[in-house]
*Asks:* 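Take this structure first; my questions come after.
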Amino acid sequence: MRRSGLEWHHILAPLLLVACQGGPAGPLPGATPAESGPLPGELSMRWEEGTPEAVRHAVRARAGVRTADPVFENVEHWTLPGDTGPVLEALSREPHVRWSEPVRRRRIAGFTPEAAPDGTRQWYLAKARGLDVQAAWSLPLEQCRHGQKPGAGVVVAVVDTGVDISHPDLVARIARVPADLASRSASVREHSTSKGAGNPWVIDEIGPESTFGGISYTGVDGNGHGTHCAGLVGASDDGQGIVGVAPGVTILPVKTMRYDGSGDDVPIARGLVDAADAGADVINFSVGGPEPSQILADALAHAYRKGVTVVIAAGNGFGDEVYYPAAYAGVISVGATSGASGNPWAIPAYSNRGQTLALVAPGGDGAQDRRTTADPTLEARGLLSTLPTRTVGLGGKPLSYGVESGTSMATPLVSGVAALVIAEAKARGESHDPVTVRTRLLATARPLGDRPFDPAWGYGFIRPALALSWTGPDGGQP
């Protein structure tokens, strides 16, 4: 095995060997459950199909709308001068309005341990406590026959705090951003006034207040969470740093979250729709909150119709029900296992659970519950991955690599496995629609108890090699 020196706390990470080719192997500030109260003066709504523009104009006028920005087809984001409560009540009686709702704030679903244990490595990819990706990479994969790396030909959109596109482990994996999205990113930068809310170390193109323009496709990662997720999905097999589950994928960065880990439903929904329209095969979304959101449900339905497999973190609510939008049907909702040496399948206390949980994957041994204790000796054995190479976060230090824990980290591992499955299906000319991919992952998961399904772990622990090699009951397709 090869070893590479890492820049963060001098951690050494062994790199696993990929059989088909080559040889690889919480948010920085805060990670409390979602702070998701309604944002004052904002709502989102959807018109019924075919509503004439004259009717729309009249409804907006009656509501006293200041601005009405289109989000996607028939969906608008409104700003109003006062309380949205009476307007929402009136809209519920409008025959031309399908739905209306407050705009809520959501948060990323990761933790940063107080300290990374010495010698932390990519245990989450290994056989003993992790995914055993070597077994998956060692299969006679059609996708690797012509010198391609596992996951090649698949686009994974990381909808998050941004991605450091210059990171050595990611630079070769970054997608070419479509021209219309790149131009929109330039507009966001031009009109932004946020510089980290007074923090001189943080440069963030998404401002502290909710705006329709709060989305970027080429922006820096002012937090580190998105870059960490991107590395877990598909860090390059280049003999340096770390390696992702699917080192051949292409990563499309979609920045919808601020440097502090918060983001609002409207730009999030637009980012999900744009990722689907830009050709993503998989969307990784390690974000959530306890309240439902119709605009997010509609955005996910749009992605589903486009044939996109969507993988979403269940949330770190310490026993709460699965957060939204992971709780919506059709997505792959992901909880966490601890990876503890005594019981690698243990479910940490932070991982949400419930009837809508699909799978679990390594997320770390848990993190300090900062709501109930300030004991600095508590730490979590998390997942080592990429972090921005530029100065980032409240400490003002370039990190490059680091350890985080949470369902946020379990989710990109599942996204990486989904990418492997889709890449193989593409190479074989087989179906890779969201139902097929989800069925394959759930049917081959390892049950962690006496029942096929349990609210704590869903259908079980994801197993990449079995997901790639499983033959469905019809002899070919699951």
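Bear in mind the structure is a predicted one, so any value in this text is a computation, not a measurement.
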*Asks:* Quick one: CE on Met257 to OG on Ser286, what's the gap to the nearest 0.5 Å?
*Replies:*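 That separation rounds to 10.0 Å.
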*Asks:* Measure the spacing between SG of Cys229 and CZ of Phe285 and express it to the nearest 0.5 Å.
*Replies:*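 So the gap between those two atoms works out to 11.0 Å.
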*Asks:* Does a side-chain heavy-atom distance below 4.5 Å link His167 with Tyr401?
*Replies:*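 Yes, side chains in contact.
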*Asks:* Could you tell me whether the side chain of Val282 reaches within less than 4.5 Å of the side chain of Val437, counting heavy atoms only?
*Replies:*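 Result no, sub-4.5 Å side-chain heavy-atom pair not found.
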*Asks:* Between Thr389 and Ser400, is any pair of side-chain heavy atoms under 4.5 Å apart?
*Replies:*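 A side-chain contact exists here, since the closest heavy-atom pair is under 4.5 Å.
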*Asks:* Could you walk me through whether Ile174 and Thr250 pass the side-chain contact (heavy atoms from CB on, under 4.5 Å) test, one step at a time?
*Replies:* CA-CA 6 Å; Ile174 302 300; Thr250 299; over 6 Å; no
*Asks:* Is there a donor in the side chain of Asp265 and an acceptor in the side chain of Ser293, or the other way round, less than 3.5 Å apart?
*Replies:*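 Their side chains do contain a donor-acceptor pair, which is all the 3.5 Å distance test asks for.
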*Asks:* Ignoring hydrogens, what is the shortest heavy-atom contact between Leu357 and Phe453? Give both atom names and the distance.
*Replies:*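 Smallest interatomic distance, heavy atoms only, reads O-CE1, 3.3 Å.
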*Asks:* Indicate the ring-plane relationship of Phe72 and His302, choosing parallel, tilted or perpendicular according to the 30° and 60° boundaries.
*Replies:*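 Ring orientation, 0 to 90° scale: tilted.
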*Asks:* List in chain and number order the residues that pass side chain to side chain contact (heavy atoms under 4.5 Å, CB included) with Val308, two or more places apart in sequence or in another chain; answer none if no residue qualifies.
*Replies:*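 In terms of side chain to side chain contact (heavy atoms under 4.5 Å, CB included), with neighbours along the sequence ignored, Val308 is linked to Ala276, Ile283, Ala303, Lys306, Val310.
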*Asks:* Hey, are the side chains of Ser338 and Pro348 touching, using non-hydrogen atoms and a 4.5 Å cut-off?
*Replies:*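 Yes, their side chains come closer than 4.5 Å.
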*Asks:* Can any side-chain N or O of Arg129 pair as donor or acceptor with the backbone N or O of Gly339 at less than 3.5 Å?
*Replies:*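 Yes; judged by distance alone, with no hydrogens or angles, the pair exists.
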*Asks:* Which atom pair, heavy atoms only, marks the closest approach of Ala313 to Thr411?
*Replies:*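 Where Ala313 meets Thr411 most closely, the heavy atoms are CA-OG1, 3.1 Å.
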*Asks:* For the residue pair Ile347 and Leu448, establish whether any side-chain heavy-atom pair is separated by less than 4.5 Å.
*Replies:*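 Sidechains of Leu448 and Ile347: in contact.
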*Asks:* Within a strict 4.5 Å, meaning less than it, do heavy atoms of the Pro362 and Phe461 side chains meet?
*Replies:*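 Counting from C-beta outward, Pro362 and Phe461 do come under 4.5 Å.
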*Asks:* Where do Thr407 and Ser351 come nearest, in terms of heavy atoms and distance?
*Replies:*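 Thr407 and Ser351 have their closest heavy atoms at CG2-OG, 3.7 Å.
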*Asks:* To the nearest 0.5 Å, what is the distance between CZ on Arg173 and CG on Asp238?
*Replies:*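 If we round to the nearest 0.5 Å, Arg173:CZ and Asp238:CG are 9.0 Å apart.
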*Asks:* Does the pair Asp221/Lys255 count as a salt bridge with the N-to-O cut at 4.0 Å?
*Replies:*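 Result for this pair is no, no salt bridge flagged.
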*Asks:* Considering all heavy atoms of both residues, which atom of Pro292 and which atom of Tyr328 are nearest to each other, and what is their separation?
*Replies:*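 The answer is CB-OH, 3.4 Å.
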*Asks:* Should Met409 and Tyr124 count as side-chain neighbours, where that means a heavy-atom distance under 4.5 Å?
*Replies:*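 Counting from C-beta outward, Met409 and Tyr124 never come under 4.5 Å.
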*Asks:* How far apart are the closest heavy atoms of Leu296 and Ile268, and which atoms are they?
*Replies:*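 Scanning both residues completely, I find the closest heavy atoms to be CD2-CG2, 3.6 Å.
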*Asks:* Minimum heavy-atom separation for Ser415 and Val233, please, with both atom names.
*Replies:*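 What the structure gives for the nearest pair is CB-CG2, 4.2 Å.
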*Asks:* Ignoring hydrogens and angles, state whether a donor on the side chain of Asp164 or Thr227 is under 3.5 Å from an acceptor on the partner side chain.
*Replies:*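 Thr227 and Asp164 do not have a side-chain donor-acceptor pair below 3.5 Å.
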*Asks:* Hey, are Asp264 and Arg258 close enough for a salt bridge, meaning a charged N less than 4.0 Å from a carboxylate O?
*Replies:*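 Here Asp264 pairs with Arg258 in a salt bridge, since their nearest N and O are under 4.0 Å apart.
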*Asks:* Any side-chain heavy-atom pair from Leu413 and Ile462 closer than 4.5 angstrom?
*Replies:*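 No, their side chains stay 4.5 Å or more apart.
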